[in-house]
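The block underneath contains the structure these notes are about, expressed in structure tokens.
In listed order, ligands and their atoms are each counted from 1.
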Amino acid sequence: MTDTRTASAPEAETETAAPLDVVRVHPLCAETPTSVLPLAVTPRESVYVRSNFEMPLAHDAWELAVRGAVRTPFTLSLREIAALPMHTVLATMECAGNWRLGMDPVPTGEPWKYGAVSTTRWSGVSLAALLDRAGLHDDALELLAVGADAGPRDDAVGEVRFERALPLDVARHPDTLVATHMDGVPLTAHHGAPLRLLVPNWYGMASVKWLTALEVRTTPFTGYFQSKRYVYDVNGTTTPVTRALVKSMIVQPAPYADSSADTVVRGWAWSGSGAITNVDVAVNDQWHRATVGQAASAYAWTPFELSVSLPPGEVTLRSRATDASGAVQPERIVWNALGYGNNAIRPHTVRAVSGEISGLES
Ligand SMILES: Nc1nc2c(c(=O)[nH]1)N[C@H]1C(S)=C(S)[C@@H](COP(=O)(O)O)O[C@H]1N2
Ligand SMILES: [Mo]
């Protein structure tokens, strides 16, 4: 198929804002655009995408197997899953590699800026209900979630499958879902149709897409995506990546935008280890306590704001969140070889001008 118009297509596309900022096309890795980050709930088409392999396609005969160290293994069809009670959870999900580009030196891996984070309404069936139905053996230790996607890796022999294990208490948490819907409509292929896990509070890698099996294990899983990826590797010593670290992001004024001197700085803060208790905002190194608002759910990001009078010219804003566990965003993170968990305070530059700002729409 030859399309003679392709040469001019990219130009036409710059006219309207794209729903995603593409980092890589195959497999698709794409960020939520900066222009959309101010929204409390990310529009469906702008929810970030992170896939390690080409995506498998959903089909009617898709099944979910529940097996391993259980009394009654069983398999469910999509129709059987659709007949189970639905549960909805509004959750912020962040990729562990988000803001890898802010690390120095930049580690290898997808070059994410700060948009690999979205807040989305997920619906599906409770994972705990499926595990209860199967009945766990007494020596059950963890739950392995198996994806349908696999492929070769440079640093592995043969095919590697996307599969990740979760501690049983996390798997059995009432808000951990086998999700079938996002925003009330069936999952799109990129987001894991027809079935995926949604693990609130954990970095995105735990929310296995294109789910085909839930396997209860009695020994720790050490597969590729458990021990070679999604681990903090500091000088060769590895620890697993688990819950999202406390973090915040200024979304208003927009980065590098002209702002009137008297303005309100707004942003989001989130953590997988407890509610946000404080956010401080710095204007050129002068710190102020921001007002923390109400999160839309226990797992969604928390709004903060601060009314400020900016000095004229270029201004550096920074935000620093603290959570209920006492964790605070650091000035710098401990550098790790795979570039995960960069929750360091991130400078946000704007230009303060006197008088009214025109052309904000552009
Ligand atoms: N099967 C499968 N599940 C997966 C992945 C994957 O590559 N394959 N990527 C994980 C990672 S690293 C993240 S951050 C989230 C992203 O989910 P999303 O693409 O719906 O935003 O999916 C996770 N689940
Ligand atoms: Mo991720």
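Residues Asn336 and Met103 have side chains in contact (heavy-atom distance under 4.5 Å, counting atoms from C-beta outward).
Ring geometry for Trp301 versus Trp268: interplanar angle under 30°, hence parallel rather than tilted (30 to 60°).
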Give one line per pair: atom of ligand 1, protein atom, distance. Only N/O to N/O under 3.5 Å.
unit_1: ligand 1; atom_1: 1 (N); unit_2: Asp149; atom_2: OD1; d: 2.7
unit_1: ligand 1; atom_1: 1 (N); unit_2: Asp149; atom_2: OD2; d: 3.2
unit_1: ligand 1; atom_1: 1 (N); unit_2: Lys209; atom_2: O; d: 3.0
unit_1: ligand 1; atom_1: 3 (N); unit_2: Lys209; atom_2: N; d: 2.8
unit_1: ligand 1; atom_1: 7 (O); unit_2: Asn52; atom_2: N; d: 2.8
unit_1: ligand 1; atom_1: 7 (O); unit_2: Asn52; atom_2: ND2; d: 2.9
unit_1: ligand 1; atom_1: 8 (N); unit_2: Asp149; atom_2: OD2; d: 2.7
unit_1: ligand 1; atom_1: 9 (N); unit_2: Arg50; atom_2: O; d: 3.2
unit_1: ligand 1; atom_1: 17 (O); unit_2: Arg196; atom_2: NH2; d: 3.1
unit_1: ligand 1; atom_1: 19 (O); unit_2: Arg50; atom_2: N; d: 2.9
unit_1: ligand 1; atom_1: 19 (O); unit_2: Lys209; atom_2: NZ; d: 2.6
unit_1: ligand 1; atom_1: 20 (O); unit_2: His191; atom_2: ND1; d: 2.7
unit_1: ligand 1; atom_1: 20 (O); unit_2: Arg196; atom_2: NH1; d: 2.6
unit_1: ligand 1; atom_1: 21 (O); unit_2: Tyr48; atom_2: O; d: 2.6
unit_1: ligand 1; atom_1: 24 (N); unit_2: Ser207; atom_2: O; d: 3.0

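When the side chain to side chain contact (heavy atoms under 4.5 Å, CB included) test is applied to Val125, the partners found at least two apart in sequence or on another chain are Ile81, Leu84, Leu130, Val178.
Taking the charged nitrogens against the carboxylate oxygens, Arg79 and Asp60 have no contact shorter than 4.0 Å, which rules out a salt bridge.
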Item to check | Candidate pair Asp285 and Arg318, rule salt bridge (Lys or Arg N to Asp or Glu O under 4.0 Å), full reasoning | outcome: CA-CA 8 Å; Asp285 295 332; Arg318 291 182 293 158; 2.7 Å; yes
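With Tyr114 as the fixed residue, the side chain to side chain donor-acceptor pair (under 3.5 Å) test singles out one of Thr34, Asn98, Thr32, Asn342: Thr34.
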